[in-house]
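Data first, discussion second: the structure below is written as structure tokens.
Sequence positions, counted from 1, serve as the residue numbers for this chain.
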Amino acid sequence: MKRILVYGLATILPLMVIIYFYAFYSNQNPFALKCIFHSATGLWCPGCGGQRAFSLFVHGHILSSLRYNLLLPFALYITIYTYYAIIGNIFLKIPFGNKFHLPPSFARNFLIFLFVYAILRNIPVSPFIYLAPES
């Protein structure tokens, strides 16, 4: 019963985020975070377009959301999985270490992938222009 209560209450925060992005988010909203990297350099980072992509995703426009940021499904999966693992660790004392069984090279390979993705989405030639978010 405690497990249901903890995870039920922990679901309130993600639901509030979804409601915000569904009902109130706009790219022109003052609460929309601007990418510091893009503002400083004019280049797209791997996360650029993520807020617009998530807003489109919660509105049901899955393919359009992928047009803004191709990494959105992976980021959502990792975020949700980590969030509930942390909640389970804090409130239910479920060992956090048992949740992740990744090889040691995962972090290195993931960072290389993000670096390559960031480079490719800044090449102004087809087909790479489709990796950059629409302006």
Side-chain angles (χ1 to χ4, degrees):
M1 185 64 176
K2 180 179 178 183
R3 183 180 180 136
I4 293 171
L5 180 64
V6 166
Y7 286 124
L9 290 175
T11 303
I12 293 173
L13 179 62
L15 284 177
M16 288 174 41
V17 170
I18 290 169
I19 290 169
Y20 167 75
F21 274 90
Y22 186 82
F24 303 110
Y25 176 79
S26 163
N27 197 30
Q28 307 305 319
N29 189 330
F31 295 110
L33 301 174
K34 304 293 182 213
C35 178
I36 296 170
F37 181 80
H38 181 70
S39 298
T41 65
L43 299 173
W44 303 109
C45 77
C48 281
Q51 291 179 79
R52 290 175 283 174
F54 186 69
S55 178
L56 288 167
F57 182 79
V58 298
H59 281 90
H61 305 291
I62 309 299
L63 294 178
S64 295
S65 75
L66 293 175
R67 175 64 182 93
Y68 280 96
N69 196 316
L70 194 59
L71 298 179
L72 180 70
F74 307 108
L76 285 176
Y77 175 75
I78 291 169
T79 302
I80 292 168
Y81 188 80
T82 305
Y83 174 73
Y84 283 109
I86 291 170
I87 293 297
N89 179 264
I90 293 172
F91 295 106
L92 300 174
K93 307 300 182 216
I94 298 171
F96 189 70
N98 294 341
K99 293 287 182 186
F100 297 102
H101 299 289
L102 300 173
S105 61
F106 176 79
R108 177 185 42 121
N109 293 338
F110 183 68
L111 290 174
I112 290 170
F113 172 77
L114 288 180
F115 184 70
V116 170
Y117 179 66
I119 290 172
L120 291 179
R121 73 189 321 212
N122 285 293
I123 298 174
V125 178
S126 184
F128 304 115
I129 56 173
Y130 299 109
L131 294 176
E134 294 178 353
S135 297

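Thr11 contributes a side-chain N or O that, together with a main-chain N or O of Tyr7, makes up a donor-acceptor pair within less than 3.5 Å.
The number of heavy atoms from other shown groups lying within 6.0 Å of CG (Leu63) does not exceed 12. No more than 12 heavy-atom neighbours from other residues, nucleotides or ligands sit within 6.0 angstrom of CD1 on Ile4. The neighbour count for Phe110 CZ, taken as heavy atoms of other residues, nucleotides or ligands under 6.0 Å away, does not exceed 12. Annotation: Leu15, atom CG; neighbour count of heavy atoms from other residues, nucleotides and ligands within 6.0 Å is above 12. The environment of OH in Tyr130 is sparse: at most 12 heavy-atom neighbours from other residues, nucleotides or ligands sit within 6.0 Å.
Residues Phe115 and Ile78 do not share a hydrophobic cluster, clusters being chains of Ile/Leu/Val/Met/Phe/Trp/Tyr side chains in contact below 4.5 Å. A continuous path of hydrophobic side-chain contacts links Leu131 to Phe113 [ILVMFWY only; heavy atoms under 4.5 Å]. The cluster map of Ile, Leu, Val, Met, Phe, Trp and Tyr, joined by side-chain heavy atoms under 4.5 Å apart, puts Ile119 and Ile112 in different clusters. Side-chain heavy atoms closer than 4.5 Å link hydrophobic residues (I, L, V, M, F, W, Y) into clusters, and following such links, even through other members, never connects Leu5 to Phe91. A continuous path of ILVMFWY side-chain contacts below 4.5 Å connects Tyr84 to Leu92, so both sit in one hydrophobic cluster.
Looking at Leu114 and Leu71, their side chains come closer than 4.5 Å, going by heavy atoms from C-beta outward. Taking the side chain as every heavy atom from C-beta outward, Tyr25 and Val58 never approach each other to under 4.5 Å. By the 4.5 Å heavy-atom criterion applied to side chains, Tyr83 and Leu13 are counted as neighbours.
Trp44 pairs in a side-chain contact (heavy atoms from CB on, under 4.5 Å) with only one of the listed residues (Asn122, Leu120, Asn69), which is Asn122.
The OH atom of Tyr20 lies 9.0 Å from the OG atom of Ser55; values are rounded to the nearest 0.5 Å. The line from CD1 of Ile19 to OH of Tyr22 is 11.0 Å long, rounded to the nearest 0.5 Å.
The side-chain contact (heavy atoms from CB on, under 4.5 Å) test applied to Thr79 returns no partner, not counting sequence neighbours. With sequence neighbours excluded, the residues forming a salt bridge (Lys or Arg N to Asp or Glu O under 4.0 Å) with Arg67 are Glu134, listed by chain and number. Remark: Tyr117 engages no residue in a ring-ring contact (aromatic ring centres under 6.0 Å, His included) (not counting sequence neighbours).
Pro124 and Ile129 make their closest contact through C-CG2, 3.5 Å (heavy atoms, listed as atom of the first residue, atom of the second, distance). Pro133 and Arg121 make their closest contact through CD-NH2, 3.2 Å (heavy atoms, listed as atom of the first residue, atom of the second, distance). Of all heavy-atom pairs between His38 and Leu43, the closest is ND1-O, 3.0 Å. Nearest approach of Ala53 to Leu72, heavy atoms of both residues: O-CD2, 3.6 Å. Contact between Arg108 and Ser105 at its shortest, heavy atoms only, is NH2-CB, 3.0 Å. Across all their heavy atoms, Arg52 and Tyr68 have their closest contact at NH1-CE2, 3.5 Å.
Ring geometry for Phe54 versus Phe21: interplanar angle over 60°, hence perpendicular rather than tilted (30 to 60°).
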